Amino acid sequence: MVQVLQIMEPGQTPDHQEGETDFAIGIDLGTTNSVVAVSTNNAVEVLKDEDGEALVPSIVAYAPDGSAMVGELAKRLLLMRPDSVVSSIKRLMGRGPKDLKSLGGQLPFDLASGGENDGQLVRLNVGNQVLTPIEISADILRALQARAEDHLGGVVKKAVITVPAYFDDAQRTATKDAARLAGLEVLRLVNEPTAAALAYGLDKDAEGLYAVYDLGGGTFDVSLLRMQKGVFQVLATGGDAALGGDDFDHAIADHFLAERKAKFGDVELSSSDVKLALMTGRLAKECLTGVEDGEWSLTIGDQVSQHSLSRETFDGLIASDVNRTVKICHEVLTEAGFDPEDIKGVVLVGGSTRVPSVRQAVADYFGTDPLADIDPDQVVAVGAALQAEALTTGSDTLLLDITPLSLGLETMGGLVEKVIMRNTPIPVAKAQEFTTFKDGQSAMAIHVVQGEREMVDQNRSLARFNLTGIPAMAAGAAHIRVTFQVDADGLLTVSASEETSGIEQQVEVKPSYGLSEEEMSQMLYDSMANAKGDMELRLLGEARVEAERAMNAVTSALQADCKLLSVEEREAIGEKMDALHHIIKGDDRDAINTAAEALDAATQDFAEKRMDKGIRDALTGVEVSALSD
């Protein structure tokens, strides 16, 4: 068969399907609002509707026939038939029912049952349908894609989509799956703070050390970047995946509901009632950004209540959340070894940074007014569009992003061996060698975990797989090489191979759902607060593993050569084995080490006798002349 290759000159592109454009778009898929942009020759255009609005509310309404309406229309329908409307769906991406059961009464979602038996995905009752967050997010992406196609006059198939820096593997995978459902090829998932820095750096020709403060609707991230001659290097990142403008809405809604309860008494709220209360809270938040006070009405059932709120009271309601963001900023700078005065500028990202008390808190901590001359609602999409152009037509710009949480393996004793440390630049591949624990071991269970703690049960499980077919060898003789690969999207692949036999297994880490919102932000805090205790637990675990290894070795030796020992010698070793077996169950590391040393001392003569026997066996039948040769 003769194969024909179509060869093109540099700069030319292959023929497209009829109507397909050469453009790749940049998408900021947000919790509250989403934005789409396109870049040509580093000139970015944020795409707007016929009314000149760039923001597309991340709200989806479903008609009885299953068709979806996205944006402002869906936002208006929230008042008319809230049971058919979904907002803030980004908070559920990559999550399972077990993560959300405790939050079901607080979030504006009606969770469907049966998710545990169907891939562990969250499912929502929306009108007369049951939908996953991936499907709902795909409808938002389709609306953004349609806006781009109307503007560009052709089919758009490629996009760069931004995600919070603290999105885990499951959340990133869910985002890519939503894009695939929408008919979009994801060229790259880019962390939102990195995209914002790219937009600001190229637009302003900025160089130096910058902090990107990203407070969106559902998540908070702060990233520290060094910008220099087209290189954007992320040095450190931190955040809270359960903190954002939605929490400000909750604070106001709870305040109004408490006032309502005092007037009308306690009434059980449906998910639709929660949606209406949160919508009222969001409206109040947005109004108080520009005015000092206002009054709003809240209608639940046939009861209407009136509520007044001043900006001063609002600031008090959200003070703990705002202070939390400042604390995270301090932690990130401290870990990276910098002080606030080292920062040349602070870039604001996300609509929640419009809140006056937020901007003031940022200015007070960093000692300088934050940079907000690029619209904080649009700056992430601008960066995504620039990266989309770079990936399709080439660019001199280099993005060096990082992985926000450490990745490792479970080892004997429930310990974590970290293979890729947090804040490691990506893409990255790192390998580490392990060995077998028992004689003749033919398989090894590989358990991949994520987090900063020392013990497995203190971190989050990502995936498990088995390396089988290991040749029978003595304990410690096998060479198991485990390789972690994190791609530019922050997605992990793990492979394991036995070096002597070439046996290999690989798994693309795609957990059904990822870290809960609380766990994501709690991991780093716990790792610092419990560092000493964690290390003590690790040392205890290591002592237990070494003691068990010693007992296994002695047991194997006794089974093979017990005839070399007298009855008294066997009894003496047995007593030391029994003592160590008993002590190993306790929490006294020193006692375990002492008992292990006692067993080692008791078996020294046995080890020498076995060595002598091995030499005699090797020399049996060998002539002296052969040895001299």
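What you are looking at is a predicted structure, and each value in this text was computed from that prediction instead of being measured.
- Rounding to the nearest 0.5 angstrom, the gap separating the OG atom in Ser357 from the CD atom in Glu312 is 11.5 Å.
- If you check the side chains of Ser272 and Asp83, you find no donor sitting under 3.5 Å from an acceptor.
- For the atom pair CZ (Phe248) and CG (Asp246), the distance works out to 10.0 Å, reported to the nearest 0.5 Å.
- One N or O on the side chain of Arg260 and one on the backbone of Gln303 form a donor-acceptor pair closer than 3.5 Å.
- A donor atom on one side chain and an acceptor atom on the other are found under 3.5 Å apart for Asp139 and Tyr62.
- The side-chain contact (heavy atoms from CB on, under 4.5 Å) test applied to Val456 returns Glu410, Val416, His447, Val449, not counting sequence neighbours.
- Of the N and O atoms on the side chains of Glu135 and Thr132, at least one donor lies less than 3.5 Å from an acceptor on the other residue.
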Report task. For side-chain contact (heavy atoms from CB on, under 4.5 Å), just list the numbers for Leu225 and Leu235, CA-CA rounded to whole Å, side-chain angles, deciding distance to a tenth of an Å, and then say yes or no. Result -> CA-CA 6 Å; Leu225 296 96; Leu235 303 179; over 6 Å; no

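- Remark: the Ser88 side chain and the Thr31 side chain contain no N/O donor-acceptor pair separated by less than 3.5 Å.
- The closest side-chain donor-acceptor pair between Asp273 and Ser270 falls under 3.5 angstrom.
- A donor-acceptor pair under 3.5 Å is absent between the side-chain atoms of Glu292 and the main chain of Ser310, judged by distance alone.
- Contact check on Asp321 versus Arg324 returns no salt bridge, with no Lys/Arg side-chain nitrogen under 4.0 Å from an Asp/Glu carboxylate oxygen.
- Judged purely by atom type and a 3.5 angstrom limit, Arg147 uses its side chain to pair as donor or acceptor with the backbone of Ala54.
- Note on Lys90 versus Glu192: salt bridge recorded, some NZ/NE/NH1/NH2 to OD/OE distance being below 4.0 Å.
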Extract all donor-acceptor atom pairs below 3.5 Å that involve side chains of residues 69-79 and protein atoms in other chains or at least two apart in sequence.
none

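- Between the side chain of Arg311 and the backbone N or O of Leu288, at least one donor-acceptor pair lies under 3.5 Å.
- Atom-to-atom distance recorded for Asp375:CG and Leu348:CG is 11.0 Å, nearest 0.5 angstrom.
- Looking only at distances, a side-chain donor or acceptor of Asn323 sits under 3.5 Å from a matching main-chain atom of Ala319.
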**Report entry** Leu215 vs Val349, side-chain contact (heavy atoms from CB on, under 4.5 Å): CA-CA, chis, key distance, verdict
**Finding:** CA-CA 6 Å; Leu215 186 60; Val349 181; over 6 Å; no

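- Atom CD1 of Ile136 and atom CG of Leu131 lie 5.0 Å apart (nearest 0.5 Å).
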Please set out all donor-acceptor pairs under 3.5 angstrom arising from side-chain atoms of residues 359-366, sequence neighbours excluded.
residue	atom	partner	partner atom	Å
Arg359	NE	Thr353	O	2.7
Gln360	NE2	Asp364	OD1	2.8
Tyr365	OH	His330	ND1	3.1

Query - salt bridge (charged side-chain N to carboxylate O under 4.0 Å, His left out) evaluation trace for Arg142 with Glu149 - result: CA-CA 10 Å; Arg142 288 189 188 98; Glu149 290 177 344; over 6 Å; no

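- Residues meeting the ring-ring contact (aromatic ring centres under 6.0 Å, His included) test with His307, sequence neighbours left out: Phe256.
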Query raised in the report: Does the pair Asn191 and Val163 meet the rule for a side-chain contact (heavy atoms from CB on, under 4.5 Å), with working shown?
Result: CA-CA 5 Å; Asn191 288 342; Val163 293; 3.9 Å; yes

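- Checked by atom type and distance alone, the side chain of Thr194 never pairs as donor or acceptor with a backbone atom of Val190 at under 3.5 Å.
- When the side-chain hydrogen bond (donor to acceptor under 3.5 Å, both in side chains) test is applied to Thr219, no partner is found at least two apart in sequence or on another chain.
- With sequence neighbours left out, the side-chain hydrogen bond (donor to acceptor under 3.5 Å, both in side chains) criterion links Ser137 to no other residue.
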Report task. Report the C-alpha distance between Val86 and Leu124 in whole Å, list the side-chain angles of each, state the deciding distance to 0.1 Å, and finish with yes or no for side-chain contact (heavy atoms from CB on, under 4.5 Å). Result -> CA-CA 9 Å; Val86 182; Leu124 306 181; 4.2 Å; yes

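- Proximity of Leu257 to Leu269: side-chain heavy atoms (C-beta onward) are separated by under 4.5 Å at one or more points.
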